[in-house]
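Proteins get letters first, then strands, A, B, ... in listed order; numbering begins at 1 in each.
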Amino acid sequence: MLDIKQIRENPSFVEERLQSRGSYDLQPLLTLDQQQRELEAKRSHLQARSNEIGKLVGQKIKAGSDPQSTEIQSLRQEGNDLKNEIGELEPQEREIKSQLADLLLTLPNLPSESTPLGNSEEDNVEVRRWGDEYIPQNSDILPHWEIGEHLGILNFERSVKVAQSRFVTLIGSGAALERALIQFMLDRQIAAGYTEVLPPILINTQSLTASGQLPKFAEESFKCAADDLWLSPTAEVPITNLYREEILAAEDLPINHCAYTPCFRREAGSYGRDTRGLIRLHQFNKVELYKLVHPDTSEHEHQKLVANAEAILQELQLPYRVIELCTGDLGFSATKTYDLEVWLPSANKYREISSCSNCRDFQARRGGIRFKESGKKGTQFVHTLNGSGLAVGRTMAAILENYQQPDKTVRVPEALQPYLRQEVLT
RNA sequence: GGAGAGGUGGCUGAGUGGUCGAAAGCGGCGGAUUGCUAAUCCGUUAAGGAUGUCAACAUCCUUCGAGGGUUCAAAUCCCUCCCUCUCCGCCA
């Protein structure tokens with residue numbers, strides 16, 4: 001959520017930054033804000049007098065005045081009149097406030113000053129590459145779903161019976177490989193200073209609103225109809241909300257968490273895309289990195305988080321590149337985002353495997369996550385950062401392709417061998 | 001699902017109609033003191049919003065789970081809802 005004060009005081013700046021992501025008109029919001037403050041001034045003035053009367057009556061009665069005296073009676077009358085007046089203003093004010101809040105919740109975050117301008121993913125900027133991608137000759141590399149099915153470790157067809165399309169069942173070494181990847185990623189990130197959490201993955205509406213998935217993107221998440229609960233689309237949601245409405249001590253920052261969780265996405269509107277394989281499923285596993293930091297350090301912590309995610313790809317020896325998203329391609333809550341894209345030889349393409357964002361105070365403001373510096377007055381909002389470290393299914397896809405051998409076996413990356421106790425998948 | 005208890009400031013926890021934004025303790029901050037490694041004493045310390053020639057500040061409003069009601073006046077009384085805890089039942 002953006003700061004209404006910032007919008008009020010600097011509307012042209014905010015609008016200009018928002019225009020870089022799409023089309024936004026702040027005027028309705030400014031009008032409502034103006035009305036709201038006028039109403040509030042009026043109401044609180046009446047309220048002050050009403051409070052005064054309340055005290056006065058109490059004092060007089062305590063001092064021995066007759067409650068039935070005309071003096072007291074007329075004060076009571078005035079109190080009643082004020083109550084009626086206030087009673088008329090209150091609903092108006094409440095209505096405007098809720099309209100204001102609704103509008104504010106639909107505005108995305110402002111892109112950072114350093115985010116490249118652009119309209120779509122075409123305008124994203126490549127920052128760096130790592131590793132040597134293998135350019136396939138004569139389509140000799142099988143796509144990961146084919147090699148996976150050949151090895152008997154992935155099954156899509158039967159998963160349709162159990163659930164729907166876009167689900168997978170991992171079998172034998174496939175299941176073991178998934179677990180090995182999760183354990184490997186967690187071990188590395190814990191060593192890098194992140195504290196593991198294993199949060200609930202059924203999430204209430206308030207939590208999804210705080211992290212920015214709601215109200216705008218309701219159709220992206222699965223909802224449990226009988227309850228106010230949704231299936232978590234990413235661990236970013238529960239982790240953010242672990243600290244909702246809290247005032248943290250500045251000394252406790254930064255808070256670094258990693259989490260393995262299953263993630264659930266409806267993938268509405270992507271019906272034709274990535275229909276095969278592990279790339280776009282309704283349910284997938286992810287190890288998430290998450291930081292709550294002091295605003296002064298968020299830029300630096302963002303770079304560290306990206307490096308922590310990259311370290312996994314490097315240790316797995318998977319070629320990748322780092323892309324900085326342009327303003328038009330930025331997610332709703334993000335102010336600056338780096339995507340890590342892993343090389344998928346069968347597709348002859350890089351595919352997103354991690355997305356690392358700095359949300360600054362956007363989520364913190366929605367969720368009321370503040371911190372206090374001891375000795376200083378007041379509180380500030382923390383900055384929140386998140387990134388995948390990594391998407392596990394896509395990592396498996398990358399391994400099945402990049403480590404594929406001509407005899408249709410797949411080598412196990414060295415870093416995983418201690419976890420799998422297997423050198424080759426056959 | 002049945003029965004009961006409860007939701008108060010950073011934390012613990014008092015407070016059943018008026019000067020209560022709220023005792024006390026802990027913690028934090030500032031200071032004093034003491035040679036015994038930390039203790040003692042004093043002071044101070046909620047958040048959000050509006051307004052003011054808003055930086056330090058001042059004034060006002062809101063907030064004791066949420067919403068409504070009674071009253072001149074509600075943390076306190078009434079109603080509805082939500083949540084937490086304990087016991088029983090069921091169950092991984």
Suppose we screen for ring pair (Phe, Tyr, Trp, His ring centres under 6.0 Å). Which residues come up paired with [X], at least two apart in sequence or across chains?
| X | result |
| --- | --- |
| A:Tyr194 | none |
| A:Phe167 | A:His282 |
| A:Phe156 | none |

Checklist line | Pairs touching residues 148-157 of chain A that satisfy side chain to side chain donor-acceptor pair (under 3.5 Å), sequence neighbours left out | finding: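 Not a single pair qualifies under side chain to side chain donor-acceptor pair (under 3.5 Å).
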Give each protein N/O atom lying under 3.5 Å from an N/O atom of nucleotides 79-85 of chain B, with the pair distance.
none

Close N or O pairs between protein and nucleotides 18-22 of chain B (under 3.5 Å):
residue	atom	partner	partner atom	Å
B:G18	N2	A:Gly54	O	2.5

Using the 3.5 Å cut-off, write out each protein N or O paired with an N or O of nucleotides 59-63 of chain B and the distance between them.
residue	atom	partner	partner atom	Å
B:C61	OP1	A:Asn51	ND2	3.0
B:C61	O2'	A:Arg43	NH2	2.5
B:U62	OP2	A:Asn51	ND2	3.4

Next item on the list: Answer yes or no: is there an ion pair linking A:Glu52 with A:Lys55, defined by an N-O contact shorter than 4.0 Å?
Entry: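 So A:Glu52 does not pair with A:Lys55 through a salt bridge.
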Next item on the list: In plain terms, say whether A:Lys304 and A:Glu301 are close enough for a salt bridge, that is, a side-chain N and a carboxylate O under 4.0 Å apart.
Entry: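 Here A:Lys304 pairs with A:Glu301 in a salt bridge, since their nearest N and O are under 4.0 Å apart.
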Identify all pairs in which a protein N or O lies below 3.5 Å from an N or O of nucleotides 54-57 of chain B, and state each distance.
residue	atom	partner	partner atom	Å
B:C57	OP1	A:Lys377	NZ	3.1

Next item on the list: Give the intermediate values and the outcome of salt bridge (charged side-chain N to carboxylate O under 4.0 Å, His left out) for residues A:Arg266 and A:Glu219.
Entry: CA-CA 7 Å; A:Arg266 293 192 61 232; A:Glu219 69 289 343; over 6 Å; no
Notebook entry, point to check: How does RNA chain B look in dot-bracket notation if pairs are Watson-Crick or G-U with both distances under 3.5 Å, crossing ones as [ ], other-strand ones as |?
Noted result: ((((((((.[[[..)..(.....]]]((((((.......))))))(((((((....))))))).[[[[[..)....]]]]])))))))....
Next item on the list: For the pair A:Phe264 and A:Phe222, name the ring-plane relationship: parallel under 30°, tilted 30 to 60°, perpendicular over 60°.
Entry: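 Taking A:Phe222 first and then A:Phe264, their aromatic rings stand perpendicular (interplane angle over 60°).
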Item checked: Distance below 4.0 Å between A:Arg370 side-chain N/O and B:A46 OP1 or OP2 ->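 False: A:Arg370 side-chain N/O out of range (4.0 Å or more) of B:A46 OP1/OP2.
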Notebook entry, point to check: Under 4.0 Å between a side-chain N/O of A:Lys83 and OP1 or OP2 of B:A73, yes or no?
Noted result: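 For A:Lys83, the contact criterion (side-chain N or O under 4.0 Å from OP1 or OP2 of B:A73) is met.
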Next item on the list: Mind jotting down which residue pairs meet the ring-ring contact (aromatic ring centres under 6.0 Å, His included) criterion with at least one end in residues 86-115 of chain A? Sequence neighbours excluded, please.
Entry: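 Residue pairs passing ring-ring contact (aromatic ring centres under 6.0 Å, His included), neighbours aside: none found.
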Next item on the list: Name all pairs fulfilling the ring-ring contact (aromatic ring centres under 6.0 Å, His included) condition that reach into residues 2-29 of chain A, sequence neighbours left out, sorted by first residue then second.
Entry: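 Passing the test, one end in residues 2-29 of chain A: no pairs.
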Item checked: Closest-nucleotide 5' rank along RNA chain B - winner of A:Ser50 and A:Ile247 ->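 By nearest-heavy-atom nucleotide position, the 5'-most residue is A:Ile247.
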Less than 3.5 Å apart, which donor and acceptor atoms pair up between the side chains of residues 100-110 of chain A and the rest of the protein, not counting sequence neighbours?
residue	atom	partner	partner atom	Å
A:Thr106	OG1	A:Leu103	O	2.7
A:Asn109	ND2	A:Ser333	O	2.9
A:Asn109	ND2	A:Cys359	O	3.1

